[in-house]
Each structure stands twice: as structure tokens, then as C-alpha cells.
Student: 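Below: one structure in C-alpha cells.
The model shown is predicted, which means the values in this text are computed figures rather than measured ones.
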Amino acid sequence: MDHQVIRRIPRTDALLAEPRLAAAARRLGRDLVKSVIVTAQDRARRGQIAPESVADAAVAALPATAGGLRPVINATGVLLHTNLGRAPLSRAAREAVLAACGATDVELDLATGARSRRGRSAVAALLRRVPAAEAAHVVNNGAAALVLAATALAAGREIVLSRGEMVEIGDGFRIPDLLVSTGARLREVGTTNRTSPADYAAAVGPDTGFVLKVHPSNFRMTGFTSSVDVGELTGLGVPVVADIGSGLPAPDPLLPDEPDATGTLRAGASLVTASGDKLLGGPQCGLVLGEARLVERLARHPLARALRVGKLTLAALEATLRGPETPVFTALHAELEGLRERAGHIAAKLRAEGVDAYAVDSRATVGGGGAPGVTLPSAAVSLPERYAAELRLGSPAVVGRVEDGRCLLDLRAVPADEDAALTAAVRAVGPL
């Protein structure tokens, strides 16, 4: 590198004082902005950019936030994609989170000045959504809700569970392992494919903490099978805990086989545990709903303190419950013709710019360990396969799926107001 060129590269302190970068340092932090500046200076030393362009290059490379998570447009066709954070929050929930970022009355009664119960308004909203529940409690995820129930109600005792419901919930975590970690003992009943009411009745005894029903939410079992409904277990003299998984608050005709909290409690379950970031459409959290005496036992157990959620989660959950339809609900119930029209419009725009794009019908899924085997008719923009990797590296990142040698951008999980950003992301890649 010519030393004359090196001398023309602006010094770090001068760049940090440049108005645009100084403002960025106040917003993002000095160290982060300095690292971006150093990278731009190094590019100038290697001759990739002119010394006079270092400041502009640094500004262009600044991240949107100081965090490492990047915004993604979910065009996979999986509504609740675990790797993409499951349920996207509604605008109401996002605004509630922003409002709760500062000091807030999370445990204070402003009228009296006295301490109040954490999450009281979020719990009240949850009970309004699921009126069959006498009480509710919120923890940090669905697995935590089940672990808290097992610890509070069955530590040192037995949990009666069908062998056909001893499921693995993802990333190697298994329901039996979670339960045993609480100090409870498992009493397995039935066989892998068939369990009867008599199997449960024979297993229940003085050492039984509760009977557990686990919805096999991430697989389907067909053929010579039988299982026992919650209602058939209510006369055994012990609590019935039902882990419904997806957090559906009430029946949905699109998902007739998916258990919901309201129906499960009305069938006689003592407690229902579920996730808040799946079909409910809220933030990551675990929900416990049911009999007041049992919910209170869980809420007062020492472990509840370790599993409690923060103010941001409570704010997002309450706004999800009180606010308008969630993005998950909107995506689930989107009309096929509307999706086809959007796909055709996007594809036509891209073709006019030389991109090999056309609209196709596709199939979407619920995902997130919910509604196994259920597919939803959808529409997608079809691109050459090599677009998949390029779009993942764009800003915003776009994640589609590769099918039959083409990159499909499925629109069922993409809000309509993101169509312009999706089109711009493909346009930025250009014809390939």
C-alpha cells in the first residue's frame, strides 16, 4: 500500500468526532462504533475503498441496534418457527414493551404506594381470555410451567403418565427427564400405542402426586392406537395436570385436533400448562391455569421465584391478550386468494427487473410443536435456489425454503406490510 494513501486515511479519533459517527456512538456505544470504524480503515488500507470514503463506509456499516439479533422476514412457510423466535409480537405488544422499558409499576400499587402482586394485570387479562380457569400464574417458558407443577405437587412422589406421551420436545430435551429432575418418580402406564382408563386407575395410589396428560404436539400416531381423554381421568381422586403445549386459549375450527385451555379445563383438568409464544401469539413464557388452590401452591413455591418473568414479558403478554388479532392468528386465517394475489404481484415486479421469479401454490405449516400433520394452503414467490443463501445475508435477512431446486418465499407467515421489504431484499440481490 502506498504510504501516501495510508496517510490520507482519517484517524480514529477524527472519525469518532465526525457528527454522524459521534451520534451513533451515543446511541450504540463508543466501542461498537469504533470497531466499525477500524474495519472501514482496514478496507481502505487494503485498497477496497478510497481513504475519503472511510467515514461513509463506516456509517453504512453501522448496525441498527447494539444487540446481535438481526431482523428476519420469515418466508419459510412455518408460522411458528422456533429458530426464528416463534410468535412475532403484535404492534400492541411491541408498544407495550417499549412503554415498560423504564421504571414501571410492575410490583407497586400507585394508588396506595404499597407493594402489589407482580403481573396482576397480565394475569387478569389471561383469566378473561380463559374464564374456565380460577387462577393463573406465568413463568418463563412452557417447560418451566410443567417443572414447577411437578416440583410443587409431586416432588418425592409419583407422576402417572402414559408411555405414549413420554415425548421429546426438541433439542434433545425429553419430558421424562424434565420430570425426574424435579425429584418426582414416574409411574408409566399403558403401552406406546395404547393406554386405557383402567391403566391409570390401577396405577393411582397413596404416593400419586398427580396424573399427567401430555399432548403429543410434535408428532402423530396412527393405526392401532388408543388414549384417554382428560374427562375420563377426573374421578381418580388426584389432580389431573394437562400439558397442552401450544397455548391455544379456545377452540379453533382450523385446528380441530389441537387441545385448548378452555376446553381442557372444562373437561375437568385441575391444571393446564402451556407456552405463551405459540398459538397464543405472545412472548416466550409459560402459562399455568386452573384451580386456585393448586395455582397458589405453585406460585408460593420457592422455585417460582427462579422461574418468574420480567416486566417486559408481562407487558407483552397483557397487550397480546387485550390487543387486536396477533400476527399468528392473522397468518393462520389468511385467505388463500389474497396470498396468491400478493405472490403474483411481487413476482411480476421482480420479473420486470430481470429476476427469474414466478408465483406458485405451496403448503405452510403451524410449526412450534403445534398441530402436527396439519398443512395450510399458501402461495409463494419461486426463485432460483441460489437466492436462498444470498437473501439470508441481506438486510433485512429473508429466510425462505428450498424445494425441488427452487427457493420459495412463502407468504403465509409474512405480514402484507412487509411485501415491499421482501421485494426490495430480492431486488438488492439482483438477477442471478
Student: Examine distances only and state if a side-chain atom of Glu18 and a backbone atom of Arg20 form a donor-acceptor pair shorter than 3.5 Å.
Tutor: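 Yes, Glu18 side chain to Arg20 backbone: donor-acceptor pair under 3.5 Å.
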Student: Do Leu289 and Leu265 have side chains that get closer than 4.5 Å, going by heavy atoms?
Tutor: yes
Student: If every non-hydrogen atom of Leu432 is compared with every non-hydrogen atom of Glu390, which pair is closest and at what distance?
Tutor: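 Nearest heavy atoms, Leu432 then Glu390: CD1-CG, 4.1 Å.
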Student: Quick one: do Val138 and Cys285 satisfy side chain to side chain contact (heavy atoms under 4.5 Å, CB included)? Show the steps, please.
Tutor: CA-CA 7 Å; Val138 183; Cys285 60; 3.9 Å; yes
Student: Which heavy atom in Thr151 sits nearest to a heavy atom in Ala155, and how many Å separate them?
Tutor: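 Distance-wise, the nearest heavy atoms are O-CB, 3.4 Å.
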Student: Does atom CD of Glu296 have more than 12 heavy-atom neighbours from other groups under 6.0 Å away?
Tutor: yes
Student: Can you measure from CG (Leu422) to CD1 (Ile73) and round to the nearest 0.5 angstrom?
Tutor: 5.0 Å
Student: Is any side-chain N of the basic residue among Asp109 and Arg115 closer than 4.0 Å to the acidic one's carboxylate O?
Tutor: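 So Asp109 does not pair with Arg115 through a salt bridge.
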Student: Are the side chain of Ser116 and the backbone of Leu108 linked by a donor-acceptor contact shorter than 3.5 Å?
Tutor: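 Yes; judged by distance alone, with no hydrogens or angles, the pair exists.
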Student: Can you tell me how far NE2 of His81 sits from OG1 of Thr76, rounded to the nearest 0.5 angstrom?
Tutor: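 Spacing of OG1 (Thr76) from NE2 (His81) equals 4.5 Å.
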Student: More than 12 non-hydrogen atoms from neighbouring residues, nucleotides or ligands closer than 6.0 Å to CZ on Arg91, yes or no?
Tutor: no
Student: I need the minimum non-hydrogen distance between Met166 and Leu186, along with the two atoms involved.
Tutor: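 Looking at all heavy atoms of both residues, the shortest contact is CE-CD1, 4.0 Å.
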Student: What is the distance from atom CG of Leu317 to atom CZ of Arg129, rounded to the nearest 0.5 Å?
Tutor: 9.5 Å
Student: Side chain to side chain contact (heavy atoms under 4.5 Å, CB included) for Thr423 and Val381? Distances and angles first, verdict last.
Tutor: CA-CA 10 Å; Thr423 305; Val381 177; over 6 Å; no
Student: Would you call Leu314 and Arg118 a side-chain contact if the rule is heavy atoms closer than 4.5 Å?
Tutor: yes
Student: Find the distance between OG1 (Thr182) and CG (Leu303) and round it off to the nearest 0.5 Å.
Tutor: 9.5 Å
Student: Salt bridge or not between Arg157 and Asp207? Use side-chain N to carboxylate O under 4.0 Å.
Tutor: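 Asp207 and Arg157: not salt-bridged.
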Student: Contact between Val238 and Phe210 at the side-chain level, heavy atoms closer than 4.5 Å - yes or no?
Tutor: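 No, every pair of side-chain atoms sits at 4.5 Å or beyond.
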Student: When you measure from the side chain of Arg187 to the backbone of Glu158, do you find a donor-acceptor pair of N or O atoms at a distance under 3.5 Å?
Tutor: no
Student: So Arg363 and Ser378, do their side chains get closer than 4.5 Å, heavy atoms only?
Tutor: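 Sidechains of Arg363 and Ser378: no contact.
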Student: Using atom types as modelled and distance alone, determine if a side-chain donor or acceptor of Arg412 lies under 3.5 Å from a backbone N or O of Ala379.
Tutor: no
Student: Report yes or no: does Arg406 contribute a side-chain atom to a donor-acceptor pair with the main-chain N or O of Glu385 at less than 3.5 Å?
Tutor: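 Flag not set: sc Arg406 to bb Glu385 has no pair under 3.5 Å.
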Student: Taking all non-hydrogen atoms of both residues into account, name the closest pair between Ala75 and Val414 and its distance.
Tutor: CA-CG2, 3.9 Å
Student: Using a 3.5 Å distance criterion without hydrogens, assess whether the side chain of Glu418 forms a donor-acceptor pair with backbone atoms of Ala421.
Tutor: no
Student: Counting only heavy atoms not in Asp31, do more than 12 fall under 6.0 Å of its CG?
Tutor: no
Student: Compare all side-chain heavy atoms of Val189 with those of Val160 and state whether any distance is below 4.5 angstrom.
Tutor: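 The answer is yes; the side chains approach within 4.5 Å.
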Student: Does atom CG (Leu69) have a neighbourhood of more than 12 heavy atoms from anything else shown, all under 6.0 Å?
Tutor: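 12 or below, so no.
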Student: Quick check against the 3.5 Å criterion: does Arg70 have a side-chain atom that pairs as donor or acceptor with the backbone of Gly394?
Tutor: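 Such a contact is found between Arg70 side chain and Gly394 backbone.
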Student: Could you tell me which non-hydrogen atom of Ile159 sits nearest to which non-hydrogen atom of Ala154, and how far apart they are?
Tutor: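 Shortest heavy-atom separation between Ile159 and Ala154 comes out as CG1-CB, 3.6 Å.
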Student: Between atom OG1 of Thr320 and atom CZ of Arg94, what is the distance when rounded to the nearest 0.5 Å?
Tutor: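 These two atoms lie 10.5 Å from each other.
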Student: Take Tyr387 and Arg392, measure what side chain to side chain contact (heavy atoms under 4.5 Å, CB included) needs, and give me the verdict at the end.
Tutor: CA-CA 9 Å; Tyr387 273 87; Arg392 289 197 306 271; over 6 Å; no
Student: Can you tell me if Asn141 uses its side chain to pair, donor with acceptor, with the backbone of Ala143 under 3.5 Å?
Tutor: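 Checking the backbone N and O of Ala143 against the side chain of Asn141, a donor-acceptor pair under 3.5 Å is found.
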Student: State whether the number of non-hydrogen atoms from other residues, nucleotides or ligands found under 6.0 Å of Arg427 atom CZ is greater than 12.
Tutor: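 Enclosed.
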Student: Salt-bridged, Asp361 to Arg340, with N to O below 4.0 Å?
Tutor: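 Salt bridge flag = yes for Arg340 with Asp361.
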Student: Rounded to the nearest 0.5 Å, what separates atom OG1 in Thr208 from atom CG in Leu236?
Tutor: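 Those atoms lie 9.0 Å apart.
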Student: Please say whether more than 12 non-hydrogen atoms of neighbouring residues, nucleotides or ligands are located less than 6.0 Å from CZ in Arg128.
Tutor: yes
Student: Is there a donor-acceptor pair under 3.5 Å between the side chain of Glu134 and the backbone N or O of Ala292?
Tutor: yes
Student: Please check this pair: side chain of Glu165 against backbone of Val214, looking for a donor-acceptor N/O pair closer than 3.5 Å.
Tutor: yes
Student: Quick one, Val139 and Leu287 - any side-chain contact, counting heavy atoms below 4.5 Å?
Tutor: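 Side-chain contact under 4.5 Å: no.
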Student: List the steps, then state whether salt bridge (charged side-chain N to carboxylate O under 4.0 Å, His left out) holds for Asp243 with Lys213.
Tutor: CA-CA 6 Å; Asp243 179 26; Lys213 278 288 298 178; over 6 Å; no
Student: Looking only at the side chains, is there a donor atom on one of Gln284 and Thr313 sitting less than 3.5 Å from an acceptor on the other?
Tutor: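 There is no such pair between these side chains.
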Student: Step by step, work out the side chain to side chain donor-acceptor pair (under 3.5 Å) result for Asp42 and Thr39.
Tutor: CA-CA 5 Å; Asp42 188 54; Thr39 299; over 6 Å; no
Student: Decide, yes or no, whether a salt bridge links Glu95 with Arg322 under the criterion of side-chain N to carboxylate O below 4.0 Å.
Tutor: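 Salt bridge: no.
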Student: Does Asp13 CG have over 12 foreign heavy atoms under 6.0 Å away?
Tutor: yes
Student: Can you name the one residue among Leu279, Asp260, Thr264 that meets side-chain contact (heavy atoms from CB on, under 4.5 Å) with Ile244?
Tutor: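 The side-chain contact (heavy atoms from CB on, under 4.5 Å) with Ile244 is passed solely by Thr264 among Leu279, Asp260, Thr264.
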Student: Compare every heavy atom of Asp257 with every heavy atom of His215, then report the nearest pair and how far apart it is.
Tutor: CE1-O, 3.9 Å
Student: Does Arg308 have any side-chain hydrogen bond (donor to acceptor under 3.5 Å, both in side chains) partners at least two apart in sequence or in another chain, and if so, which?
Tutor: Glu107
Student: State, yes or no, whether a side-chain contact exists between Asp252 and His333 at a heavy-atom distance under 4.5 Å.
Tutor: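 Of all side-chain heavy-atom pairs linking His333 with Asp252, at least one is under 4.5 Å.
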Student: Would you say the side chain of Val328 lies within less than 4.5 Å of the side chain of Val366, judging by non-hydrogen atoms?
Tutor: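 In short, these two side chains do not touch, never coming nearer than 4.5 Å.
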Student: Does the side chain to side chain contact (heavy atoms under 4.5 Å, CB included) test come out yes or no for Leu294 and Val288, once each step is laid out?
Tutor: CA-CA 10 Å; Leu294 296 180; Val288 180; over 6 Å; no
